[in-house]
Enquirer: 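Let me give you the structure first, and then I'll get to my questions.
Values in this document were obtained by computation on a predicted structure and should not be read as measured data. Throughout, residue positions are numbered sequentially from 1 according to the sequence presented. Indexing begins at 1, ligand by ligand and atom by atom, following the structure's order.
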Amino acid sequence: MTNTVRVTGVSHRYGNATALHEVHIEFPIGVTAVLGPNGAGKSTLLGLLSTALRPQSGSVTVNGVDSARNRKAYRRNLGFLPQGFTLPGNLTVAEFLALTAWQRLVPRGERRAAVDAALRAVDLTHQRDAKISQLSGGMHRRVGIAQAIVNRPGVLLLDEPTVGLDPRQRRGLRDLVSELGVGRTVVLSTHLTEDVAATSDRVVVLDEGTIRFDGTVDELTGGRNKTASEIDAAYELLVTTGDDR
Ligand code: ADP
């Protein structure tokens, strides 16, 4: 299983507005950041990869499984942390993850081990019996990632996972995202170049629904240091619009 996500000729419109225009792209194993200004089409792309949206034209496949024609099988290999994901504060971490494992069709006999493995992966083993409402913001986000990986997906989608965290929590989360990219396809949507510098093997720059760049971080910066400011400078040359600039 290569777990490469293949996006072939995908377009998406909301009424008259084109959010994605004829996108062709592959996401291989490792962390790929999708970087772009507000309105670039990042959430639409992640929505299509997650099956929350259906491609209006073109296709999305993983290991030859089509996201629209074989939705169930496609989703079985997928984990997703949506933007603004909220957690049930009255459950313990382990209760919530056991519930998620059941929802994601993890077989009964494997659920306990799946929850334990997800807790270990996000370094929350000691918080397994804590109420979610008692956790810090950084720990909340880790629980969000744990629910995304509890079914052991080959493909993990993270929509702006560092938003709203303080600098220390962000650093911890970036280390975690890098670890998750070992042997797994991780698609990370972000508008923070620090996220890209710290976590990503590859970067895709999206602007006005079009791919402006697709390659390694070294290729983006022209082989210069893999720092946020070098990535920023290269990115500024690529994007033309965005209401956050
Ligand atoms: P990003 O995540 O990069 O900010 P989006 O995918 O959210 O970009 O949006 C891409 C474009 O599609 C924007 O112009 C946005 O206004 C438009 N758009 C997104 N969602 C909707 C929607 N539900 N209805 C109408 N237009 C939308």
Enquirer: Counting non-hydrogen protein atoms only, what is the nearest one to atom 8 (O) of ligand 1? Give residue, atom name and distance.
Expert: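 The answer is Gly41 N, 3.0 Å.
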Enquirer: Which distance, rounded to the nearest 0.5 Å, do you find between the CG of Leu53 and the NE2 of His12?
Expert: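 Rounded to the nearest 0.5 Å, the CG-NE2 separation comes out at 4.5 Å.
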Enquirer: Between Thr92 (side chain only) and Glu95 (backbone N and O only), is there a donor and an acceptor less than 3.5 Å apart?
Expert: yes
Enquirer: Is the shortest side-chain heavy-atom distance between Phe85 and Gln147 below 4.5 Å?
Expert: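 Yes - at least one pair of side-chain heavy atoms lies under 4.5 Å apart.
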Enquirer: State the atoms of ligand 1, each with its element, that fall below the 4.0 Å cut-off from a heavy-atom position in Asn38.
Expert: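 So the atoms of ligand 1 that pass are 4 (O).
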Enquirer: Take every heavy atom of Gly209, measure it against each atom of ligand 1, and state whether any distance is under 4.0 Å.
Expert: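 Gly209: no contact with ligand 1 (<4.0 Å).
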Enquirer: Is Ala17 close enough to touch ligand 1? Criterion: a residue heavy atom under 4.0 Å from a ligand atom.
Expert: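 Ala17 does not count as a contact of ligand 1 under the 4.0 Å cut-off.
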Enquirer: Counting each atom of ligand 1 from 1 as listed, which ones have a heavy atom of Ala19 under 4.0 Å away?
Expert: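 Ligand 1 atoms under the 4.0 Å threshold to Ala19: 10 (C), 11 (C), 12 (O).
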Enquirer: Output the list of atoms in ligand 1 that are nearer than 4.0 Å to some heavy atom of Ser43, sorted by atom number.
Expert: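 Heavy-atom distances to Ser43 below 4.0 Å select 1 (P), 2 (O), 6 (O), 7 (O).
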Enquirer: Does CZ belonging to Arg54 count more than 12 external heavy atoms closer than 6.0 Å?
Expert: no
Enquirer: Counting non-hydrogen protein atoms only, what is the nearest one to atom 19 (C) of ligand 1? Give residue, atom name and distance.
Expert: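 Of the protein heavy atoms, Tyr14 CE1, 3.4 Å lies nearest.
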Enquirer: Are the side chain of Thr32 and the backbone N or O of Pro28 linked by a donor-acceptor pair below 3.5 Å?
Expert: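 No, because the side chain of Thr32 does not come within donor-acceptor range (under 3.5 Å) of the backbone of Pro28.
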Enquirer: Looking only at distances, please establish whether an N/O atom of ligand 1 is found under 3.5 Å from an N/O atom of Ala40.
Expert: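 Yes.
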Enquirer: With a 4.0 Å heavy-atom cut-off (strictly under), which part of Pro37 contacts ligand 1: side chain, backbone, both or neither?
Expert: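 Backbone only.
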Enquirer: To the nearest 0.1 Å, how far is atom 6 (O) of ligand 1 from its closest protein heavy atom, and which atom is that?
Expert: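 Here the nearest protein heavy atom works out to Thr44 OG1, 2.6 Å.
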Enquirer: Apply side chain to side chain contact (heavy atoms under 4.5 Å, CB included) to residues Leu188 and Val34 and explain how you reach the verdict.
Expert: CA-CA 6 Å; Leu188 167 81; Val34 177; over 6 Å; no
Enquirer: Among all protein heavy atoms in this structure, tell me which lies nearest to atom 15 (C) of ligand 1, with the distance rounded to 0.1 Å.
Expert: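 Looking at atom 15 (C) of ligand 1, the protein heavy atom closest to it is Gly39 CA, 4.8 Å.
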Enquirer: Is it true that Arg13 and Thr18 share a donor-acceptor pair across their side chains at a distance under 3.5 Å?
Expert: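 Short answer, yes.
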Enquirer: For Ser189 and Asp159, which I'm curious about, is there any donor-acceptor pair between the side chains at under 3.5 Å?
Expert: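 Judged by distance alone, the side chains do pair up.
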